[in-house]
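Each remark here refers to the structure printed beneath this line.
In what follows, chains carry the letters A, B, and so on, assigned in the order in which the sequence lines appear, proteins first and then strands, with residues in each chain numbered from 1.
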Protein chains: 2
Amino acid sequence: MSAPRKDPVDAIVDQWAAVRPDLDTKAMEVFGRIFRLSRAMGDRMERAYAPHGLSRGEFDVLATLRRSGEPYTLSPRQLSGTLMLTTGGMTGRLDKLERAGLIRRSPDPHDRRGLQVTLTEKGLTTVDEAVGAGLDAEATALSTLNAEQADQLADLLRELLTGTEGTGR
Amino acid sequence: MSAPRKDPVDAIVDQWAAVRPDLDTKAMEVFGRIFRLSRAMGDRMERAYAPHGLSRGEFDVLATLRRSGEPYTLSPRQLSGTLMLTTGGMTGRLDKLERAGLIRRSPDPHDRRGLQVTLTEKGLTTVDEAVGAGLDAEATALSTLNAEQADQLADLLRELLTGTEGTGR
DNA sequence: AGTAAGTAGCTTAGCGCTAAGCTAATGACT
DNA sequence: AGTCATTAGCTTAGCGCTAAGCTACTTACT
């Protein structure tokens, strides 16, 4: 009736069953696939953004600014928080994007320690093109499932994510 | 009726809807959650293996040898292929594991270019303990869902993975 | 006002990875 | 036997990240 058991994770589960039949590998079937999907789709996103001159990490910065709305301005601190990156890592990404003319760094008028990072005109058009390419890549991959399955999957993942992220220190 | 829309991915989708209502962000609801789950669970696995003196990458090497069955021997080439790693990266992992006394490198009797990587006694006991800790961490995270939901999720992910991995060069 | 604790962003050292290139050995084809 | 493409594993340079520590500035408390 259902899928005939034949993906790489099934193979791993079978191997474990042969050598350690005492193990309960049920959870591995879920997270093993999540790990592999994350890696495979990450590679595809990288390829989707490349024609626009962006790495995935750089796109993420521009996209965060873009969807914050006008005036497309956030502090490095806000960005590194949202993107779960250390401030050191953020400095590097902003350096690259600034050199490419996609963002601008200016002093925060209310706090002389701080900066404001703003999308340039070029940054705005670049991210608006790239976001479509990324969504296309995701939609193509998802088209393996029908609409009902996709909704079901999104719901189950939401439940798993809210129960997982943040919890457990 | 269903979940009340309130995870970080929903927030991102809402932001996009406000500034770019033309975008179809359906696929993002699936893959955005997969990316975040992969990262969150990856961190947890790291913490689960740490008490056994292993990083996640090192555990993966030992686990691959372990589930290959006796005599727990594979070539560096087989390992780097299975683990989707370059040979350079594999060299580094094997160096660390060999220094820790968890694996042994010996010449391949049939091919003088090659090596055989074998689990030591210490490597075998270490991985047999660590695998349980990792599975526990996964099972705990998965316990947010009931058994039926977990099965459904595993099936949907299998279908998505087989349609994605490998495909699309 | 004066001081101490906290915060913003940057710098540096170190880690683990990839890409590219190397040597030695193998196997297929003449 | 002799050549030549292929393969195994290692080395090196470079990349992007984290952790830790720095300076400059701000905020809360006295």
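- Taking the charged nitrogens against the carboxylate oxygens, A:Glu98 and A:Arg105 do have a contact shorter than 4.0 Å, which makes a salt bridge.
- One finds no salt bridge joining B:Asp24 and B:Lys26 here, because no Lys/Arg side-chain nitrogen approaches an Asp/Glu carboxylate oxygen to under 4.0 Å.
- As a whole-Å value, the separation of B:Gln116 CD from D:dA8 P is 14 Å.
- The side chain to side chain contact (heavy atoms under 4.5 Å, CB included) check on B:Thr87 picks up B:Arg77, B:Ser80, with sequence neighbours excluded.
- Note on B:Asp128 versus A:Arg20: salt bridge recorded, some NZ/NE/NH1/NH2 to OD/OE distance being below 4.0 Å.
- Using a 4.0 Å cut-off between a side-chain N of Lys or Arg and a carboxylate O of Asp or Glu, A:Glu58 and A:Lys96 qualify as a salt bridge.
- Between B:Gln116 and B:Thr73, the shortest heavy-atom contact is CB-CG2, 3.7 Å.
- The CG atom of B:Leu74 sits 14 Å away from the P atom of D:dA8 (whole-angstrom rounding).
- Among the protein residues, B:Arg56 comes within range of no part of the nucleic acid, since none of its heavy atoms lies under 4.0 Å from any strand.
- Residue B:Arg105 places at least one side-chain N or O under 4.0 Å from the OP1 or OP2 atom of D:dC10.
- Salt-bridge annotation for B:Glu29 and A:Arg158: present, with a side-chain N of the basic residue lying under 4.0 Å from a carboxylate O of the acidic one.
- Counting all heavy atoms, side chain and backbone alike, A:Leu161 lies closest to B:Arg33 at CD2-CG, 4.0 Å.
- For residues 89-98 of chain A, proximity to DNA chain C is found at A:Thr91, defined as any non-hydrogen atom under 4.0 angstrom from a strand atom.
- Applying the ring-ring contact (aromatic ring centres under 6.0 Å, His included) definition to pairs two or more places apart or across chains, none involves residues 74-109 of chain B.
- The shortest side-chain heavy-atom distance between A:Leu160 and A:Ile34 falls under the 4.5 Å cut-off.
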Each nucleotide N or O in nucleotides 26-28 of chain D that has a protein N or O under 3.5 Å away: list the pair and distance.
from, atom 1, to, atom 2, distance (Å)
D:dT26, OP1, A:Arg112, N, 3.1

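- Scanning residues 75-88 of chain A for heavy-atom distances under 4.0 Å to DNA chain C yields A:Ser75, A:Pro76, A:Arg77, A:Thr87, A:Gly88.
- Nucleotide C:dA8 holds its P atom 11 Å from the CG atom of A:Asp108, rounded to whole Å.
- Residue B:Met90 holds its CE atom at 9.5 Å from OG of B:Ser75, rounded to the nearest 0.5 Å.
- Figure legend: cation-pi geometry between A:Arg67 and A:Tyr72 absent, as NZ or CZ is not positioned both under 6.0 Å from the six-membered ring centre and within 45° of its axis.
- The existence of a salt bridge linking A:Arg36 and A:Asp7 is excluded, since no basic side-chain nitrogen approaches an acidic carboxylate oxygen closer than 4.0 Å.
- The stretch residues 59-71 of chain A has no heavy atom under 4.0 Å from DNA chain D, so no residue of it qualifies as close.
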